[in-house]
Structure formats: structure tokens, C-alpha cells
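In what follows, a structure is listed as C-alpha cells, so that the remarks can point back to it.
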Amino acid sequence: MNSQFDSGIEGNRTHPFRSNIDRIPTTHNEKNWEWTYLVRKCRNLELEESYDLYMRRLRIGYLSIFIFIELLVASVHTLLLLTSSDLTYSYIDMVAYMVTGLLLWLILSINFKSELISKHGWIVYASSWLAVSVMVLMDIGLNIYHATSTNDILNPIYDAYTLYAIYMFMPIPYILQPLILGIAVTICYIINYSFVIASKERNQDSYYETNQQNQMHSIVNEALYLISVNCLGIFFRLMRDIALRTTFLDRRQYVEENLLLRYARDQERSLLLSILPAQIADRLQEDVRNRIERSKQQHQQRTRFDQRSINSSQSIKRWRQPDHGTLFIEPHKDVTVLYADVVNYTHLTTTLDVKKLVEALHDLFVRFDIASEEHNVMRIKFLGDCYYCVAGLASPNEDHAMCCVDLGLRMIKDIRDVREKRHLNIDMRIGVHSGDVLSGVIGAAKWQFDIWSKDVDIANRLEATGATGRVHVSQHTLSKLDGEYFFEDGTEKAREDPVLQKHNIRTFLIKSLRFIGPQARSTSREA
């Protein structure tokens with residue numbers, strides 16, 4: 001089966017029609033350049049407000065560029081006028097250009113106050129209309145001044161510049177509002193041009209009916225020119241909006257996928273850390289990454305030399321299998337192991353319905369997991385009705401023995417709550433011992449985390465020889481409890497157990513805390 005997947009990939013790679021199929025544009029890719037489709041997509045995804053905010057920031061950037069260009073053009077034009085031979089009437093032009101540049105700077109700079117603009121959106125439109133009006137009045141006003149003072153009839157020189165500024169740089173959103181402003185400016189310039197043409201023809205010596213036709217032709221040409229500039233501006237606005245919406249949606253999809261990937265990695269990491277300690281989890285993840293990389297390299301080499309052998313495909317399939325010499329085992333000094341077993345479980349398996357039995361175990365073990373997390377104890381695994389865990393392994397903890405004893409007392413309370421809730425004849429038998437362990441992962445296809453040592457076996461024997469409803473601890477564990485618990489001697493079974501006798505283990509039964517509750521004990525210890 002594994003070779004079928006690889007052969008399918010190779011078949012697709014060498015298919016004679018594959019390259020032709022890849023060249024066929026899909027309908028979805030074509031729609032990505034339709035303005036109406038992009039607007040509808042933003043609205044369906046409820047992103048129109050975010051896009052407006054994104055565009056507002058971009059328009060501020062465009063406006064900054066325009067102010068710089070306007071001041072530069074005004075300065076250059078003023079310098080050019082200084083080079084003219086007759087400066088009698090040039091000073092008025094220079095003052096007009098510099099004052100216009102400064103007025104535009106003052107009028108448009110209000111758009112940089114984002115808080116004011118967000119509260120009063122009409123300021124964007126008012127400042128844009130006022131700035132364009134200043135530009136048009138300056139351009140037409142200078143023509144009128146020269147016509148009345150020096151009888152020099154000049155054509156406007158900033159008509160196209162003003163229209164391009166409207167469509168490219170003005171902070172007016174959307175397309176309709178710039179179009180209305182552009183049409184208004186076009187009408188003003190056409191009217192001004194009509195007077196200019198009429199004045200020029202009137203000043204000539206001959207004035208015939210043919211000159212009127214020439215006037216109309218000139219006015220129509222000027223109108224077509226300005227209409228063409230408006231069309232170019234609308235086209236620029238439309239294409240820029242399409243490009244920006246496409247970029248915005250792609251960026252949003254990238255960010256969303258990145259967040260989802262990060263969330264999935266965090267979930268994967270949390271799941272892994274709920275099973276393994278952080279040290280072993282890091283080593284295991286690094287080893288898996290290295291084996292995947294080696295598998296990719298082997299796959300590339302096999303593809304390059306066209307080697308379709310079964311052995312190589314098997315090596316790709318078994319990327320999860322570690323090297324035989326690689327062991328993920330770590331020693332841990334001074335930890336505490338807890339074994340807990342459900343008393344009367346075997347009898348319940350023969351008398352209780354399987355579904356009810358599983359539900360009871362699930363309810364019980366969920367409570368145990370919650371209690372383990374609260375007491376900073378790491379659960380190793382379930383063994384049927386046996387629950388065993390360790391404290392001080394995942395992270396160093398000086399109170400690991402107290403944590404396990406507190407957890408054992410909590411387990412006894414939880415199982416009695418379940419017994420009363422479900423009317424079952426069950427109880428707990430718990431053994432706790434402190435010592436050294438080895439922890440790690442074994443297996444290939446399915447990894448299994450576990451702990452091993454003689455101290456683990458001793459904790460197991462403490463549970464097996466313990467008393468029902470009591471926490472059975474060794475003398476070594478009792479010495480780490482700082483005298484905070486009432487206790488009594490261990491059971492007769494423990495004194496006769498060969499494993500405990502072999503290691504000279506003396507045992508005790510925990511009765512209760514000396515303080516009222518665990519909060520009082522922890523508060524006292526912190527103080």
C-alpha cells in the first residue's frame with residue numbers, strides 16, 4: 001500500500017497532460033480580480049470595517065507623499081520664475097505658488113489626527129474639497145490676473161496635475177466621491193478654457209465664423225483631454241482598490257492560517273506535555289524532526305535516481321521508528337511515586353453492567369486527573385483499575401512527598417463521593433514511596449512513557465499491602481513530611497512482604513493532617 005501512494009505521486013509528476021492542466025486558469029482565480037467579487041467577499045467575511053481602517057492608514061501615507069510633491073513643485077516653479085528676464089509680474093506668481101503650497105499643507109495636515117478623523121468623518125471630505133478648491137483657484141486666478149493686468153491670456157497649467165492629485169493622493173475613500181470632485185474640477189477648467197479661447201480669438205485682427213468653429217474644436221479637444229484624465233484616474237483608483245483588497249484578503253488569510261497553525265502547535269505541545277516531561281518531549285520532537293528530514297532526503301534521492309525499491313519505501317513509511325541505539329531515558333533523583341488501586345473492582349466487573357462500570361471509572365479517573373494537576377503530580381498511566389503517578393519528575397519540587405500524600409487523601413475523598421453518588425461498594429488502597437527512578441519512552445510504532453526502578457516496585461508493594469481507605473507510606477517518605485501528618489504503624493502484610501523485607505522498608509499509615517486543612521498547612525509552610 002505504501003508503494004501505491006508513491007507511484008501515484010510519480011504518475012502525476014510524469015503525466016503528459018499535467019502541465020497543460022496547470023495552465024488553465026480557474027474561475028476562482030479570475031474572480032480574484034473582479035472588484036465586485038472582492039467587495040462582496042470582504043462584506044461576507046465582515047472585514048469591511050477592518051479594510052476601511054487599513055485603507056485610512058494607507059491614504060495617510062499617500063497624503064504625506066502628495067504634500068512633499070506639492071511643496072517640491074511649488075519650490076521648483078518658484079526657482080524657475082526667478083530665472084526669467086522680466087521679474088515685474090513674476091513675484092505675484094511666486095507668492096501665489098508658495099502660499100498655495102503652505103495652505104495645502106495646513107489644510108491637509110488635519111487628516112493626520114486619526115482620533116479626530118475617526119469621530120468626524122466629514123473632515124476628510126471637507127479638507128479634500130477645500131484643498132482642491134485652493135489649487136483650482138490659484139491656477140485659474142493667476143490666469144485672470146495676467147489677463148487683466150498684462151493682457152497675457154494663458155492656458156491653465158495645473159489642470160491634469162490637480163485631477164491626478166484627486167484620484168491618486170486625496171484621502172477621499174471609495175470611487176464615487178473622487179469622481180464627483182473630478183467632474184467639478186473638469187467643468188471649472190472647461191469654462192475657464194472657453195473664456196481663454198474666446199479672449200484669444202477676440203484679440204486677433206480677423207474674427208469670422210470659421211473662428212467660432214475653431215473655438216468649439218479647441219474646447220471639445222480640451223474637454224476630451226480632461227475626460228481622459230478622469231478616466232485614467234478612475235481606472236487607477238479601481239485597480240489600486242482591487243490590488244489592495246486582494247493583498248488585504250491574502251494577508252488576512254495568511255495571519256489566520258498562521259494563528260491556527262500556532263494554536264495547533266500549542267495544542268500538540270500541551271498534549272505531549274500532558275504525557276511526557278518537558279525534557280523528554282523536547283528530545284523526542286527533535287529526533288522526530290531529524291528522522292522526517294532524513295526521510296525527505298531519502299525520498300528525493302530515490303526520485304532523482306528513479307529507485308522504486310520496496311526497502312526504500314519501507315524506510316519512508318517507518319519514519320516514526322527511532323534508531324535501535326537511541327534511548328530516551330533520563331534518571332531522576334529524589335521523587336515520590338504513588339500507586340492507587342480500586343478495592344472491590346474485580347467483584348464489580350462480574351456484577352455491574354459494563355457501561356456503568358466504564359462510566360464509574362471515567363468519573364473517578366477524571367477526578368483523579370484534576371486532583372493530580374492541582375497537587376502538581378504527574379500521572380503516568382492507568383493499569384486497569386490502578387492509577388499511578390509521580391511527583392518531582394516533570395519539574396523539581398521540594399514538597400514532592402507532601403504532594404503525593406495530599407493527593408492520596410484527596411483520592412480517598414473522591415472515591416467515597418463517587419461511591420455515594422453511584423451507590424457502589426468501592427474504596428481506595430494507596431501506597432507512596434520516595435526514591436530514584438528512570439523515566440523514558442520505549443517502543444517504535446506506539447510510544448509508551450513509563451518509570452522504572454526498585455523504588456517503583458516498593459511503591460507498588462506498599463499499595464498491595466496497604467489498608468483500605470488509607471495512605472500507606474514508607475519510612476523514607478514519612479521523613480520528608482516534616483511531621484505534618486498523624487500516622488500509625490503499617491499493616492501486618494507489609495511487615496511480612498518479602499520485597500519490603502528485602503529492602504528493609506518500614507511502613508506507616510497516614511491518618512490525617514495535623515492542621516485543619518491543606519490551605520492552612522500550605523500557608524504555614526510559606527510563612
Side-chain angles (χ1 to χ4, degrees), residues 51-81 93-118 120-143 155-189 192 225-245 247-248:
Y51 178 73
D52 289 341
L53 181 61
Y54 171 69
M55 282 300 300
R56 190 184 304 167
R57 295 174 180 173
L58 287 180
R59 286 192 291 267
I60 294 300
Y62 300 150
L63 191 60
S64 303
I65 297 174
F66 171 71
I67 292 175
F68 173 77
I69 293 174
E70 172 62 26
L71 295 176
L72 180 63
V73 169
S75 302
V76 171
H77 201 160
T78 302
L79 293 175
L80 290 175
L81 289 174
D93 293 356
M94 289 188 289
V95 172
Y97 292 140
M98 295 307 298
V99 170
T100 301
L102 294 176
L103 284 176
L104 292 179
W105 184 12
L106 294 175
I107 293 170
L108 295 176
S109 61
I110 194 173
N111 293 277
F112 295 110
K113 299 180 179 181
S114 56
E115 295 182 358
L116 181 63
I117 297 299
S118 60
H120 306 285
W122 59 269
I123 295 178
V124 174
Y125 302 95
S127 61
S128 300
W129 276 85
L130 184 58
V132 172
S133 300
V134 170
M135 295 174 67
V136 174
L137 289 175
M138 180 273 298
D139 197 12
I140 296 177
L142 286 177
N143 292 337
N155 293 333
I157 58 176
Y158 283 103
D159 48 0
Y161 174 79
T162 304
L163 290 174
Y164 284 134
I166 292 172
Y167 292 105
M168 296 177 64
F169 299 109
M170 287 296 122
I172 309 176
Y174 311 115
I175 296 177
L176 180 61
Q177 290 82 358
L179 177 61
I180 294 173
L181 183 56
I183 292 174
V185 171
T186 301
I187 293 173
C188 292
Y189 275 110
N192 177 74
Y225 166 70
L226 294 178
I227 291 173
S228 300
V229 173
N230 280 276
C231 291
L232 286 175
I234 294 172
F235 177 76
F236 172 81
R237 273 257 175 174
L238 189 62
M239 294 305 299
R240 184 177 68 178
D241 194 59
I242 290 175
L244 290 176
R245 284 184 183 271
T247 303
F248 177 77

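Quantities reported herein were computed from a predicted structural model and do not represent experimental measurements. These values consider heavy atoms only, across backbone and side chains, with no hydrogens, waters or symmetry-generated copies.
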Original post:
Can you check side-chain contact (heavy atoms from CB on, under 4.5 Å) on V229 and Y167, steps first, answer last?
Top reply: CA-CA 10 Å; V229 173; Y167 292 105; 5.9 Å; no

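- When all heavy atoms of D52 and R59 are compared, the closest pair comes out as O-NH2, 4.1 Å.
- Residues M138 and A96 approach most closely at CG-O, 4.1 Å, considering heavy atoms.
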Original post:
After noting the C-alpha distance and the side-chain angles of V124 and W129, does the key distance pass the side-chain contact (heavy atoms from CB on, under 4.5 Å) rule?
Top reply: CA-CA 9 Å; V124 174; W129 276 85; over 6 Å; no

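- Residues Y125 and P173 form a side-chain contact, since some pair of their non-hydrogen atoms from C-beta on lies under 4.5 Å apart.
- The distance from atom CG of L72 to atom CD1 of I65, rounded to the nearest 0.5 Å, is 13.0 Å.
- Once rounded to the nearest 0.5 Å, the distance linking CG of L79 with CE of M94 reads 9.5 Å.
- In this structure, the side chain of N111 engages the main chain of L108 through a donor-acceptor pair within 3.5 Å.
- Of all the heavy atoms in I117 and I123, the pair that sits closest is CD1-CG2, 3.7 Å.
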Original post:
Please walk me through it: do L104 and I67 pass side-chain contact (heavy atoms from CB on, under 4.5 Å)?
Top reply: CA-CA 7 Å; L104 292 179; I67 292 175; over 6 Å; no

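- From D159, atom CG reaches atom OG1 of T162 across 7.0 Å, with rounding to the nearest 0.5 Å.
- More than 12 heavy atoms of other residues, nucleotides or ligands lie within 6.0 Å of CZ in F112, so this atom counts as buried by the packing criterion.
- The heavy-atom pair separating Y225 from A160 by the smallest distance is OH-CB, 3.2 Å.
- Contact of the L232 side chain with the Y164 side chain is registered, since non-hydrogen atoms from C-beta on lie closer than 4.5 Å.
- Atom CE of residue M55 and atom CD1 of residue I60 lie 11.0 Å apart, to the nearest 0.5 angstrom.
- Ring-centre distance between Y158 and Y161: below the 6.0 Å cut-off.
- In the displayed structure, W105 atom CH2 is contacted under 6.0 Å by at most 12 heavy atoms of other residues, nucleotides or ligands.
- Here the closest non-hydrogen pair linking A165 and M135 is CB-CE, 4.4 Å.
- Summarising the geometry, atom CD1 belonging to I242 is positioned 12.5 Å from atom CZ belonging to R240; distances are rounded to the nearest 0.5 Å.
- Summarising the local packing, OH of Y174 is surrounded by 12 or fewer heavy atoms from other residues, nucleotides or ligands at distances under 6.0 Å.
- To the nearest 0.5 Å, the span separating OG on S118 from NZ on K113 amounts to 13.0 Å.
- Annotation: F248 is in aromatic contact with Y51 [ring centroid separation under 6.0 Å].
- What you find for R237 and I166 is that their closest heavy atoms are NH2-O, 3.6 Å.
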